[in-house]
K.L.:
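Structure below; questions to follow.
Throughout, a chain's letter reflects where its sequence line sits, starting with A, and its residues are numbered from 1. Predicted model only: the values in this text are computed from it and were never measured.
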Amino acid sequence: MNIESLSAIDLGLAALLVVALGVVQFLMGLGLQRSLVIGTVRMTLQLLLVGLVLKALFASANLAWIGLMALVMLALAGYEVSARQKRPIKGWRGYLIGLLSMGVTAAIITLLALIVIISPQPWYTPQYAIPLLGMILGNTMTGIGLALNHLTQTAWANRGRIEARLLLGQTATQAMADLRTEALRAGLIPTLNMLAAAGLISLPGMMTGQILAGAPPMEAVRYQILIMLLITAATGFGSLLAVHLGARRLFDDRQRLRLERLGQRG
Amino acid sequence: MLFEARNVAGEPGSGVRYHPVSLQLEAGDILTIYGQSGVGKSQFLRALADLTPHTGDVLLEGISQTKIRPEHWRKQVGYVPAESGWWADVVAQHFSEPPPKAWLSSLSLPPELLDASVERLSTGERQRLALLRALVLHPKVLLLDEPTANLDQRNAQKLIELVKTYAQTEQAAVIWVSHDADERALLGNRSLEIRAETTHQAHHP
């Protein structure tokens, strides 16, 4: 069974729904039409562009190009993590902490899944590699961003508590133990929600896509379970690494809390 | 020499500007510190406890701060800031060991207070308990930042007695920030003013 092809007219019909929404909003004086138009056009262009890139990538199936694509995705995700921080760690280190913790875990887990678990021929077959990396990156990005944000914000707000522990002879690691645990929990909450909702409240996008493309439901479900396990592991390990590196950056070699290393955003 | 500071001042660029301080303390000494508000008295104590970057050197029994692990240093050079931080729910969780009953009663603190929730403590109770949780670590040097600020005269007097007794029996040195001249007189005759950094006049040829 092949997927039903969508024509430009089909998409135009769906776009009419959004146009109708814009008209209603205009008549109600909500003033959201601008963001609605920009968001819709931007989404369409981004996806068309990705479609072209993927088409070329799938046609060449060249490891170097696939690697380059992976690096671009990683750099963008790294930027997203630092852009979401309310009190980011200043300078290149702040960007690097997010990028490194995400890059290391996402790379290891994607490679493991490709080479050991799914094993397509060749292992870097872009139809598997790119969507897999994309799903893992998208979720670790959210988790790491939340964990780091929680860590730096609570450290900022709790200077007195942290320093009180240092003053009583605790190490930086001991003084930060509670805040680190809370930050890890904050980072893992979206993943835990995703696990709980899977299949009951939401039909995961990839599974839906495979079923639409004609895959047998049980096959699609097995793939979805695999993805969820990979996402959970990547988010958990990524947050662990990010919180470890972030907490270390909050202190110097004399275990002094250095909050001036945090900046402020909006 | 138990404790020595050599030209301690805020790190350049840190925005903390007091005139570099040098001092020497023997076991049992009590030194009071005063100075205009905002001049950097608390910052000086933070530097002695190695809680903040600073210039100069601090030595405990002749050994430089930089040669001692920070967590060991801070156990031996106990700093009690003006505002105490509490990280757990119950008072006792902040004590590495329960304080002697004699200390509690000498500060008119009932022993049940140890099992109380931190939220229910008054400012004065927090201040006294913060001193005790530092004392149970038996520091060789005690740095106190206006420890009687929230206490009435009677309790302030008792706290002074306790610290004096501690310095004598444990052969510890005490540095005590106090803006009250009468209190400084009660604590002995050694006093030191922290001054603002001398601003050099622009040179006119």
K.L.:
What part of B:T52 is in contact with chain A, defined as an atom under 4.5 angstrom from a non-hydrogen atom: side chain, backbone, both or neither?
P.N.:
backbone
K.L.:
Counting distance only, does the side-chain N/O of B:Q171 pair as donor-acceptor with the main-chain N or O of B:Q168 below 3.5 Å?
P.N.:
yes
K.L.:
So for B:T66, is it side chain, backbone, both, or neither that comes closer than 4.5 Å to the heavy atoms of chain A?
P.N.:
backbone
K.L.:
Before giving the answer on side-chain hydrogen bond (donor to acceptor under 3.5 Å, both in side chains), spell out for A:T232 and A:T191 the whole-Å C-alpha distance, their side-chain angles and the decisive distance to 0.1 Å.
P.N.:
CA-CA 6 Å; A:T232 307; A:T191 307; 5.8 Å; no
K.L.:
Out of B:W87, B:W73, B:W86, B:Y79, return the one with the most heavy atom pairs under 4.5 angstrom to chain A.
P.N.:
B:W87
K.L.:
Should B:E183 and B:S178 be marked as a side-chain hydrogen bond (donor to acceptor under 3.5 Å, both in side chains) after you check the CA-CA gap, both sets of side-chain angles, and the distance that decides it?
P.N.:
CA-CA 7 Å; B:E183 186 174 270; B:S178 172; 2.8 Å; yes
K.L.:
Do the non-hydrogen side-chain atoms of A:L250 and A:L257 ever get within less than 4.5 Å of each other?
P.N.:
yes
K.L.:
With chain A as the partner, which of B:P70, B:G78, B:G85 has the greatest number of non-hydrogen pairs under 4.5 Å?
P.N.:
B:P70
K.L.:
Do the side chains of B:E193 and B:R195 get close enough for a salt bridge, i.e. N-O under 4.0 angstrom?
P.N.:
no
K.L.:
Give the ring-plane orientation class for B:W103 versus B:Y166, where under 30° counts as parallel, over 60° as perpendicular and anything between as tilted.
P.N.:
perpendicular
K.L.:
Given that the side chain runs from C-beta out, which part of B:H72 has a heavy atom under 4.5 Å from chain A: side chain, backbone, both or neither?
P.N.:
neither
K.L.:
Answer whether the closest heavy-atom distance between the side chains of A:M102 and A:L137 falls below 4.5 Å.
P.N.:
yes
K.L.:
Quick check: under 4.5 Å, non-hydrogen atoms only, which of residues 116-151 of chain B neighbour chain A?
P.N.:
B:R133, B:A134, B:L137
K.L.:
Could you have a look at B:R69, B:E83, B:R46, B:H94 and say which one has the most heavy-atom pairs with chain A under 4.5 angstrom?
P.N.:
B:R46
K.L.:
Answer with side chain, backbone, both or neither: which region of B:Q76 has an atom nearer than 4.5 Å to a non-hydrogen atom of chain A?
P.N.:
neither
K.L.:
Between B:P53, B:S96, B:A49, B:S84, which residue shows the highest count of heavy-atom pairs closer than 4.5 Å to chain A?
P.N.:
B:P53
K.L.:
Would you find more than 12 non-hydrogen atoms of other residues, nucleotides or ligands less than 6.0 Å from B:H179 atom NE2?
P.N.:
no
K.L.:
Side chains of A:M206 and A:P131, heavy atoms from C-beta outward: is any pair under 4.5 Å?
P.N.:
no
K.L.:
Report, by ascending residue number, the residues of residues 148-163 of chain A in heavy-atom contact with chain B at a distance under 4.5 Å; give 'none' if the set is empty.
P.N.:
A:R159, A:G160, A:R161, A:E163
K.L.:
Roughly how far, to the nearest 0.5 Å, is CG of B:D57 from NE2 of B:H54?
P.N.:
8.0 Å
K.L.:
To the nearest 0.5 Å, how far apart are CG in B:L104 and CG in B:L114?
P.N.:
5.5 Å
K.L.:
Should the pair A:R165-A:D178 be classified as a salt bridge under the 4.0 Å nitrogen-to-oxygen rule?
P.N.:
yes
K.L.:
Heavy-atom count check: over 12 atoms from other residues, nucleotides or ligands less than 6.0 Å from B:Y34 OH?
P.N.:
yes
